[in-house]
Every structure is written in structure tokens, then in C-alpha cells.
Amino acid sequence: MRDVILCECFARDGLQHEPDYLPTHIKRRLVERFADIGFQRIEATSYSNPAVIPQFADASALLAVLQRRAGVFYKATCANVRAVERAVTDLDAGHGANEISLLVSASESHSRRNLKRSRADQWLNIEQMADKALNQFRLIGTVSVAFGCPFEGRVSEASVLADVEQFAKRGVKFVTLGDTTGVATPQSVKRLFGAVLASFPEITPIAHFHDTRATGLVNYVAALEVGVTHYDCAFGGVGGHPTKVKYGGGHTGNVSTEDWINLLESMGVSTGIDLDRLLDVAAECEAALGRELHSRVLRCGMNPLLHSTVSPSDIIQ
């Protein structure tokens, strides 16, 4: 039994930030390890243009050799119709992803910078993508910069809710809200996710936050408190944006998987992840990239009180 569903994003969102190519056999081992220790959702790869993001030139090759575990969703990111067509081709060949993401930016400036399209054009693009993908994959809609844009500043919550509604109209049942540059606060998180849960009961919202200003964990707890059950994270807090894209200096990565799991389990929230093997996998991710990653728990270990029992007499009245 688990109370929350975590998506491990190291192999896609994490690696898109890496300038050096990670060989396919290492990606395969890591993705398989993620499934082995209990992740039910894994970002496996991206059907990106290899000229733009060389890291995923092996998307089809990786999916062809990946050993699947029953009950696990392996996601591939798709930016355009051509990407969905590649996903369908791999699926027809018997080794495709079973989940794909469709991405829109909440601001016009970020859309033009990140997707090379206006928001209006991207919604037309998404409609074509959804038509090709529906009933073949589980679709994940994603709204980037949902809590604030690095180019325009504040983003209208009403506009984000309108984007969620647009995804719902296209048959998308899971919608990710992204805090792309770490500007969300617990108050804004509760307000926006609370509105999504209240207005779209048919939608399962997903939190995808970057820990740019060390607010990722507190904002995830805020989402948990209003009823969000699905979260994205990446071992070592890696990733954030393609290596050639810069939205400012400093740390840009995802919420660290091992830190988030440690906090959840310490709070009594079950993740379904094998805690005895969690840090071994975190260390494998660190070894794969050849440097120390942004992980508190890998340095100091899991909460030593995690498995202790508390008697009523120990609790201060």
C-alpha cells in the first residue's frame, strides 16, 4: 500500500541538463533499478530532436532493450506531432513507452523561448498530438511556469486553470503543474492545487517543482496538505532544463528523490519505495554522473527515527 505516487525523473528531466552523453546501457540499468525498488512511474526518455538535446538520441534504442516491470508506467516526453509519431512507431514495434507527456507553457514568453511557438500555436500542436496519441498511451498534460515565469513574472492562476480545462477537454486525465524556476510558496501551492482539485474532480494533479531556492520540500508538503497524491522528483536533485537553456544562475534541479522520500516516510506517508535499497540507487545515480549530487540524505543517511515506535507516554501533552 502507498499513500502517494512518485515519478522518478532522473533519466529524462535529470539527464537533459547533463552536457556529457550517458551511454544507453547505463540509462537502462538505472531505469530498471528505479522500477525494482518500487517506482510506479518513471520518466524513461524523451523524443527530443537529437540536434537540440543529444542526450536522448538513443530514445528508441533504450526503449527497445528496457526490461519492463508489470504495473509500471514508463514515460516519454513529446514536444510535437513528430515526437508522438515516433512514440507510436515504437509502440507498434512492441517496445514503446506507455505514457507520454504533452507540454504547454503558462506564459507567452516562455512558450516562445522554450517551445519555439506561441501559446495559441502550441495548443493547436497539442490537439494534433492528443488525436494521434489518445487510446494508445496514458497522457500527461504539463503546464510549465505555472507559478511564475522567468521572463514575465507572475502568472495568472485563472490562466493556469484554463490550461487545465483545455487538457481535460482533450481527454487528458493527469495534469502536471510545474514550478519551473522555484518561485512558488506554500500559500500559492495550496491555492492553485486546491482550485484544481475543487474545479476538476476528473483530473489527477501532479506536482513538478524545482528546488531552485530550497523551497521544493516545503511546497510539496503544502501540496500534500491539500490532497495532492502524485509528485515528480529526481535522484540527487538533478535536472531542471536543457543544458543549452539558461533561466538564471544557481541550482535549477528537481526536488531530490531521496530527501523527499525520507521526509514523507518520516511523516508516516507511505511511498511504496524499498527504503533499504533507496540510498544504494541514489549512489548509483551519483556514480553515473561522476560527481557529488544535491542530496542531503545521501550524505547523512535516512532519518534514524524512521523505524522507531513512539509510545503515548513519550508524547508531550
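A quick note: this is a predicted structure, and the numbers were derived from the prediction, not measured. As a basis for the values below, the full set of heavy atoms in this structure was taken, side chains included, without hydrogen atoms, waters or symmetry mates.
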*asked:* Could you go through Q55 and E18, starting from their C-alpha distance and side-chain angles, then the distance that decides it, and tell me whether this counts as side-chain contact (heavy atoms from CB on, under 4.5 Å)?
replied: CA-CA 8 Å; Q55 186 67 253; E18 297 300 313; 3.9 Å; yes
*asked:* Which residues pass the ring pair (Phe, Tyr, Trp, His ring centres under 6.0 Å) test with F34, not counting sequence neighbours?
replied: F235
*Do V81 and L124 belong together in a cluster built from hydrophobic side chains that touch within less than 4.5 Å?*
no
*Using a 4.5 Å cut-off on heavy atoms from C-beta on, say whether the side chain of I100 contacts that of V84.*
yes
*asked:* Using a 4.5 Å cut-off between side-chain heavy atoms of Ile, Leu, Val, Met, Phe, Trp and Tyr, which other residues end up in the same hydrophobic cluster as I206?
replied: I140, F174
*Can you tell me how far the OG atom of S111 sits from the NZ atom of K116, to the nearest 0.5 Å?*
10.5 Å
*Spatial distance of atom OG (S256) from atom CG (L263) [nearest 0.5 Å]*: 11.0 Å
_Contacts of P186 that satisfy side-chain contact (heavy atoms from CB on, under 4.5 Å) - sequence neighbours left out_ = V218, N219, A222
*Given the rule in the side-chain contact (heavy atoms from CB on, under 4.5 Å) test, do F167 and V143 qualify, once you have shown the distances and angles that lead to the verdict?*
CA-CA 10 Å; F167 276 124; V143 184; 3.9 Å; yes
*CD-NE2 distance between Q40 and H230, expressed to the nearest 0.5 angstrom*: 8.0 Å
*Measure the shortest side-chain to side-chain distance between L15 and F56 over non-hydrogen atoms and say whether it is less than 4.5 angstrom.*
yes
*Residue pair D211 / N254, side-chain donor-acceptor N/O under 3.5 Å*: no
*asked:* If you compare all heavy atoms of T215 against all heavy atoms of A184, which two are closest, and at what distance to 0.1 Å?
replied: OG1-O, 4.1 Å
*Can you name the closest pair of heavy atoms from G227 and L197 and give their distance?*
C-CD1, 4.1 Å
*Flag yes if L102 and V52 sit in one hydrophobic cluster, no otherwise; membership is Ile, Leu, Val, Met, Phe, Trp, Tyr, and two members link when side-chain heavy atoms are under 4.5 Å apart.*
yes
_How long is the straight-line distance from OH of Y47 back to OG of S60, given to the nearest 0.5 Å?_
4.5 Å
*Does E292 use its side chain to pair, donor to acceptor, with the backbone of H294 at less than 3.5 Å?*
no
*Any donor-acceptor pair under 3.5 Å linking the side chain of D259 with the backbone of V297?*
yes
*Taking only residues at least two apart or on different chains, which pairs with a member in residues 167-181 satisfy salt bridge (charged side-chain N to carboxylate O under 4.0 Å, His left out)?*
E127-R170
*Do R2 and T271 have a side chain donor and acceptor closer than 3.5 Å?*
no
*Given the rule in the salt bridge (Lys or Arg N to Asp or Glu O under 4.0 Å) test, do R291 and E286 qualify, once you have shown the distances and angles that lead to the verdict?*
CA-CA 6 Å; R291 68 177 190 277; E286 193 165 86; over 6 Å; no
*Taking only residues two or more places apart in sequence, or in another chain, which ones meet Y74 in a ring pair (Phe, Tyr, Trp, His ring centres under 6.0 Å)?*
none
*Rounded to the nearest 0.5 Å, what separation is found between the CG atom of D276 and the CD1 atom of I273?*
12.5 Å
*Compute whether any side-chain donor of one residue and acceptor of the other, for Q122 and N125, lie under 3.5 angstrom apart.*
yes
*Indicate yes or no for a side-chain donor-acceptor contact from S199 to the backbone of V196 under 3.5 Å, with no hydrogens or angles considered.*
no
_Using only atom types and a distance under 3.5 Å, with no angle test, would you say the side chain of S156 pairs donor to acceptor with the backbone of A158?_
yes
*How about V255 and Y220: do any of their side-chain heavy atoms sit closer than 4.5 Å?*
yes
*Determine whether the side chains of S46 and Q16 contain a donor N or O and an acceptor N or O closer than 3.5 Å.*
no
*Over all atoms of both residues, closest heavy-atom pair of M129 and C78*: CE-O, 3.4 Å
*With sequence neighbours left out, which residue pairs that include part of residues 60-76 fulfil the salt bridge (charged side-chain N to carboxylate O under 4.0 Å, His left out) condition?*
D36-R69, E43-K75
*asked:* To check you understand the geometry: which heavy-atom pair defines the closest contact between K132 and Q136, and what is its length?
replied: O-NE2, 2.8 Å
*Give a yes or no answer on whether the side chain of S144 reaches the backbone of S105 with a donor-acceptor pair at less than 3.5 Å.*
no
*For D280, what residues pass the side-chain contact (heavy atoms from CB on, under 4.5 Å) criterion, not counting sequence neighbours?*
R33
*Show your working on side-chain hydrogen bond (donor to acceptor under 3.5 Å, both in side chains) between T45 and R12 and close with a plain yes or no.*
CA-CA 5 Å; T45 190; R12 202 287 302 175; over 6 Å; no
*With a 6.0 Å cut-off on ring centres, are F209 and W260 close enough?*
no
*Do you know the tightest heavy-atom contact between L62 and A44?*
CD2-O, 3.4 Å
_Which Ile, Leu, Val, Met, Phe, Trp or Tyr residues join L115 in one cluster when any pair of side-chain heavy atoms under 4.5 Å counts as a link?_
L103
*Atom CG in L306, atom CD1 in I261: separation rounded to 0.5 Å?*
11.0 Å
_Intermediate values then yes/no, side-chain contact (heavy atoms from CB on, under 4.5 Å), L30 and C285_ = CA-CA 7 Å; L30 291 175; C285 291; 4.2 Å; yes
*E8 and F39, any side-chain heavy atoms less than 4.5 Å apart*: yes
*Does the distance from a Lys or Arg side-chain N to an Asp or Glu carboxylate O, for R299 and E258, drop under 4.0 Å?*
no
*May I have the step-by-step check of side-chain contact (heavy atoms from CB on, under 4.5 Å) for L298 and L293, ending in yes or no?*
CA-CA 9 Å; L298 190 55; L293 301 181; 6.0 Å; no
_Of all pairs that satisfy salt bridge (charged side-chain N to carboxylate O under 4.0 Å, His left out), the ones with a partner from residues 54-67, not counting sequence neighbours_ = K27-D58
*Of all residues at least two apart in sequence or in a different chain, which pass the side-chain contact (heavy atoms from CB on, under 4.5 Å) check with L224?*
V4, Y231, L264, M267, V269
_Given 3.5 Å as the limit, does a donor-acceptor pair link the side chain of T142 with the main chain of T176, or not?_
no
*Linking I/L/V/M/F/W/Y whenever any side-chain heavy atoms sit under 4.5 Å apart, do L22 and V65 land together?*
no
*Taking T89 for its side chain and E85 for its backbone only, find out whether a donor-acceptor pair lies under 3.5 Å.*
yes
*Heavy atoms, side chains only, cut-off 4.5 Å: are V145 and E152 in contact?*
no
*Do the side chains of N98 and L91 get nearer than 4.5 Å, heavy atoms only?*
no
_Qualifying ring pair (Phe, Tyr, Trp, His ring centres under 6.0 Å) pairs with a residue from residues 177-208, counting only residues at least two apart or across chains_ = H208-H210
_Contacts of type side-chain contact (heavy atoms from CB on, under 4.5 Å), residue P201, not counting sequence neighbours_ = none
*Taking everything shown except R213 itself, do over 12 heavy atoms lie less than 6.0 Å from its CZ?*
yes
*Distance-only, no hydrogens or angles: does the N262 side chain make a donor-acceptor pair with backbone N or O of N303 under 3.5 Å?*
yes
*State, to 0.1 Å, how close V228 and P205 come at their nearest heavy-atom pair, and which atoms those are.*
CG1-O, 3.9 Å
*How about S109 and R119: do any of their side-chain heavy atoms sit closer than 4.5 Å?*
no
